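Remember, it's a predicted structure, so these values are computed and weren't measured experimentally. Note on naming: letters A, B, ... go to the chains in the order of the sequence lines (proteins, then strands), and numbering restarts at 1 for each one.
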Number of protein chains: 6
Amino acid sequence: MSSTRPLGRAADALRPVRITRSYTKHAEGSVLIEFGDTQVLCTASVEEKVPPHKKGSGEGWVTAEYGMLPRATHTRSAREAAKGKQSGRTQEIQRLIGRSLRCVFDLAALGERSILIDCDVLQADGGTRTASITGAFVAAHDAVQGLIAQGKLKRSPIRDFVAAVSVGILDGVALLDLEYVEDSACDTDMNIVMTGAGGFVEVQGTAEGVAFSRAEMDQLLALGSAGIAELVAAQKAALGV
Amino acid sequence: MSSTRPLGRAADALRPVRITRSYTKHAEGSVLIEFGDTQVLCTASVEEKVPPHKKGSGEGWVTAEYGMLPRATHTRSAREAAKGKQSGRTQEIQRLIGRSLRCVFDLAALGERSILIDCDVLQADGGTRTASITGAFVAAHDAVQGLIAQGKLKRSPIRDFVAAVSVGILDGVALLDLEYVEDSACDTDMNIVMTGAGGFVEVQGTAEGVAFSRAEMDQLLALGSAGIAELVAAQKAALGV
Amino acid sequence: MSSTRPLGRAADALRPVRITRSYTKHAEGSVLIEFGDTQVLCTASVEEKVPPHKKGSGEGWVTAEYGMLPRATHTRSAREAAKGKQSGRTQEIQRLIGRSLRCVFDLAALGERSILIDCDVLQADGGTRTASITGAFVAAHDAVQGLIAQGKLKRSPIRDFVAAVSVGILDGVALLDLEYVEDSACDTDMNIVMTGAGGFVEVQGTAEGVAFSRAEMDQLLALGSAGIAELVAAQKAALGV
Amino acid sequence: MSSTRPLGRAADALRPVRITRSYTKHAEGSVLIEFGDTQVLCTASVEEKVPPHKKGSGEGWVTAEYGMLPRATHTRSAREAAKGKQSGRTQEIQRLIGRSLRCVFDLAALGERSILIDCDVLQADGGTRTASITGAFVAAHDAVQGLIAQGKLKRSPIRDFVAAVSVGILDGVALLDLEYVEDSACDTDMNIVMTGAGGFVEVQGTAEGVAFSRAEMDQLLALGSAGIAELVAAQKAALGV
Amino acid sequence: MSSTRPLGRAADALRPVRITRSYTKHAEGSVLIEFGDTQVLCTASVEEKVPPHKKGSGEGWVTAEYGMLPRATHTRSAREAAKGKQSGRTQEIQRLIGRSLRCVFDLAALGERSILIDCDVLQADGGTRTASITGAFVAAHDAVQGLIAQGKLKRSPIRDFVAAVSVGILDGVALLDLEYVEDSACDTDMNIVMTGAGGFVEVQGTAEGVAFSRAEMDQLLALGSAGIAELVAAQKAALGV
Amino acid sequence: MSSTRPLGRAADALRPVRITRSYTKHAEGSVLIEFGDTQVLCTASVEEKVPPHKKGSGEGWVTAEYGMLPRATHTRSAREAAKGKQSGRTQEIQRLIGRSLRCVFDLAALGERSILIDCDVLQADGGTRTASITGAFVAAHDAVQGLIAQGKLKRSPIRDFVAAVSVGILDGVALLDLEYVEDSACDTDMNIVMTGAGGFVEVQGTAEGVAFSRAEMDQLLALGSAGIAELVAAQKAALGV
């Protein structure tokens, strides 16, 4: 498959993935994940309480917040804390991360406690939400291992791995793991979240300008599935499991 | 195909769809759309100005806002205006409606003016976002016809029809156009937005609890495509085109 | 009395009043009230709790919120939920609706529960606050009847009917039930809220530009009293009492 | 007329009224007005610009803001600046003050400039909104005299005096100028704003608990009219006109 | 020492200080403090509860809020309650006032209750934060005496006096208690908070444009210490202790 | 001098200081500064416009924003963007950083453009504001060098170095560069900002519990001055100047 991608990357190739555990010292799980030049710091915090809708249920909760440092991007974007509200995009992403993680968690096995994921983008170059999900899983895994080590949990409530990748069609070519220049130019953009077992957790495809066909969708799903298998392998390598 | 759906509806059947044009008198387009007991008032307002990022571009803009009356739902939900902010869910939906409409609009042909869509749910029974998109298209179409009638536009900037439907898997059965009791019980939930020509505009599939397989996704996409063809026919009938 | 009102309406005539009960299905009371082209959806929601200042008092509470769909008006007005706050006008109106309803309620007889009124204007053509009060009473009445039917109340805590109408002076002529073009042109504008027994609950008169005399006020109060008697008759007819 | 009012005040008597001009040094008009123990600092600020809806109209604007120091009241109330929003009551009052002042202003004669009134309650003992209006007029008058002295205006755009007073019915007795203990106990409460010529600018009557009759309203209007004549005399004395 | 200060004030002289206790009637402590033309109303309110971080600690809390009337200043500044948030400057000042007061309070001896200080600037002419601290102490002292008089406290939890003053360098001359024209022109500006015993509570020095030397700092600290001794004497005189 | 500081650090010793330039790729200046375990990412963004108060002045502007990742701390703190406002502490710190930088900038020589500093704490262990100032200077320096390299500036508008350090008294011993456990235990806490030439830019000393003496202040100022000389040396080494 020929390619004109930056750095000669093949259409079906991920950018270099780096997962650094224990990146900061306070959080129960702290992971810097890099998809090429995209860098996201994912922390997992354990709190021994649950939100109101889970109180007394015997079940725990996993939720996420997402943010981008103002100068993570090419031009500075306004600080959401200073503007006094999170954008619709931010809320969409953090809801997606939370749902994706919960899909592989047995909330009853977690017990009435919460895992709060924070994904903060230090440098953005496309794929910040997919890197966030992929890194958040590793941070959550570390937090769970800590609970087991402390005797608070007997077995892990995590039922499977979960990872995410973006795919898209640019000039008729299906590409895996879009970087910024590709993402902003592509016709169709899809974010795929899958489990280690190959099940779909989320599929979000969006046509930019021109609707996409069923054949294109099939191509993108196949490309994404292959990419996620590689990402799950990277998670396993990082965790040494 | 056997069914245990409310009112004996078949798994691949839409709820009764009713589209009432000119529902209120002030808006350039005003449509009440009903998917069974779900009722959404969709208005299209024309403004002869564009947001900052389009100024001087020669192109127009189409955007949407979404709201739910506090007692549109089974139990009263807090009024967003009183709480002082729109929920993440609200923002997600209104961004989806806007993107979906823009996908069938030739913004250059619209000229430097805006069409603002307001989708307000009077009664909710599942599928408010898909009803909103389907009704919003008809309201926007009426607004465009008004611009043509006034001589402000020579030809329509609308390139195709666009409609939306939800599909899901409940107890292993793929269902079209979920109503509330089905939506809250189902394992997988997917919203599909397609053009009249059958192209995909948006696909948003979410696993609730258990990941879904590629085979299930294929089944849902087929079910949704058929449903959208029916909805586009309903739009055409309502518009008399 | 000669008249140049739209549609040849007499100076002392109400616009056609229509009251549709059970307009939506979820609320304990749901009324669409129309004063001519003004349409307001009034719902009453029962909650088995009271606000902090009533806790432990043995008394209930009745309160109201008011909103206007963005395109209820001639030109689109900004959505308050998107702006992040309710205008002073909105707050003034919802406080007025709440006070008016409470005036005919025996809060001790209601018991420690709340009735929350939502008045949402679908189409505005003058008199939205007076239509809201008049319709809200019917919705609250239905909610109370539901509580009696469920055995939660033995007798109705409602002591009297309450309805509201606007009056004004335009070019020296006192007019009943102003529609939008009259309202925006008139010199003096008064909103009157009265009980079925003919007592005043609220009188809010405002001079627009020129102060009004005692004689004019007397004329307006007489006109309003007569109008409210007709509205109470319409409420009774709608409720079949 | 017998009375059991605090300090033996007659039912138709105002509390002692004190109007101190030039109370602070920076504002174009600065008045401390006292109705008994109620103390409000009213300042008038001149700005050589108008709000957007008046730009290019050749007309000026008069508007008002109202606030209460947190410990102006018996128990401390939360600071609105700290809570991040003004209450509905605050907004209602400041809108009332603005409308009342504008009613005696010839906005065209004011020219394209604004007078901003700030009414800040230093100590509250009932009647803060009526004291605010009465004092704000004197502050605005001083600001206008300053514009004339500077040659910016040839003649005063003020067409008449305006003042305000509260009246109410307590245990069947109509009382003028309610102080706090009366206000919180009374059955009916009315705020009346009138011009020096005796015209009505605003009448806002509210039943607290029991509706009031037409005869009671007549009694209250007469009582209020007499009280306002006294207040206008006090304004004239303070201004030396 | 020669001087070109307004009104011929010496470089090491305070402006006339006036402290008026019981300035308003509702608060447990209410003090108008004047540093020349700067006038701040300081009230102390006692509440028989503590913020969450002190609950169950057996200790009390002292905190402060600060505000400026919109026309306390030369040109009108926007009302923070209307803007919907307090400025960074406001928050800085109110945090400083709270810390300064707490430094002389034995919070355990206060018991689980709060003293809330409100400092509202009626007229500003430089030094509003230092006047606030100095006046707030007197108001807090009065509130404490009230608690002792009511038998709620056996002994005062106040361990020492606390007062504050500004100092600065203008054209090479160190000046005490800057008024507005000096403050806005000076090169270095320092606020000093000290106890009656001469200990430092807060020192906040800021270079405006040019950094200041250690010698200049020594000069400013000496000037400020002397000024605070005078202010503490004024507090004692006002309190009659 | 004996010491019981963590890791045997001497009372007058800084923690290891690391300054990494070009830490992220998009910003005109991007510096990771570490004071021991405290890590702050400081970016400098150049914008070719100035805030309103500088428009047309011929002068530029330098300002700063500060944030802390939610899990930079021992226990997770709420995300300010999600809460909808910045804390008073955050605002205090970002105002301090901005003032400190401006003190060494010739704003006229910068021309009508802005340098926006963002200091985001990745990991907190005491001294985040002093590390921020010290790192922000290096980032601003890099941004200025970029402007010179692009020919937009002929000479640097930076007049001197600026750095900051904290000092405090713990159990009677004056300590340089407090880490978290020391900071939360100490009696007196002072932040000092100085230029390379040894002038004071800001001095902020706060007594925690007990007032501090002049002798203690002198000791702290001497300790801080020595520490800042070391920090300026580290800045020079990092910049290779």
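Neither the backbone nor the side chain of E/Arg102 comes within less than 4.5 Å of any heavy atom in chain F. Contact of E/Asp160 with chain F is not made at all, since no heavy-atom distance falls under 4.5 Å. When heavy atoms are compared at a cutoff of 4.5 Å, E/Met217 approaches chain F solely by way of its side chain, counted from C-beta outward. Using a 4.5 Å cut-off between heavy atoms, E/Ser87 touches chain F through its backbone atoms (N, CA, C, O) alone. For F/Asp218, the parts lying under 4.5 angstrom from a heavy atom of chain E are both the backbone and the side chain. Interface residue E/Thr206: backbone and side-chain heavy atoms are both found under 4.5 Å from chain F.
Side-chain contact between F/Glu92 and E/Arg95: present, with at least one pair of heavy atoms (C-beta onward) separated by less than 4.5 Å.
In this structure, E/Ala207 and F/Cys103 approach most closely via the heavy-atom pair CB-SG, 3.9 Å. Minimum interatomic distance between E/Val201 and F/Phe212 (heavy atoms only, all atoms of both residues): O-CE2, 4.1 Å.
Interface summary for chain F: among E/Ser213, E/Gly209, E/Gly205, E/Gly199, the most heavy-atom pairs under 4.5 angstrom belong to E/Gly205. Contacts with chain F were tallied for E/Glu216, E/Arg89, E/Met194; E/Arg89 has the most, counting heavy-atom pairs under 4.5 Å. Ranking E/Ala211, E/Ala197, E/Gly198 against chain F, the residue ahead of the rest is E/Ala211, based on heavy-atom pairs under 4.5 Å.
No more than 12 heavy atoms of other residues, nucleotides or ligands sit less than 6.0 Å from atom NZ of F/Lys49. The environment of E/Lys54 atom NZ is dense: over 12 non-hydrogen atoms of other residues, nucleotides or ligands sit within 6.0 angstrom.
Separating the CD atom in F/Gln86 from the CD atom in E/Gln91 is a distance of 9.0 Å, to the nearest 0.5 Å. Rounding to the nearest 0.5 angstrom, the gap separating the CD atom in F/Gln204 from the CD atom in E/Glu202 is 8.5 Å.
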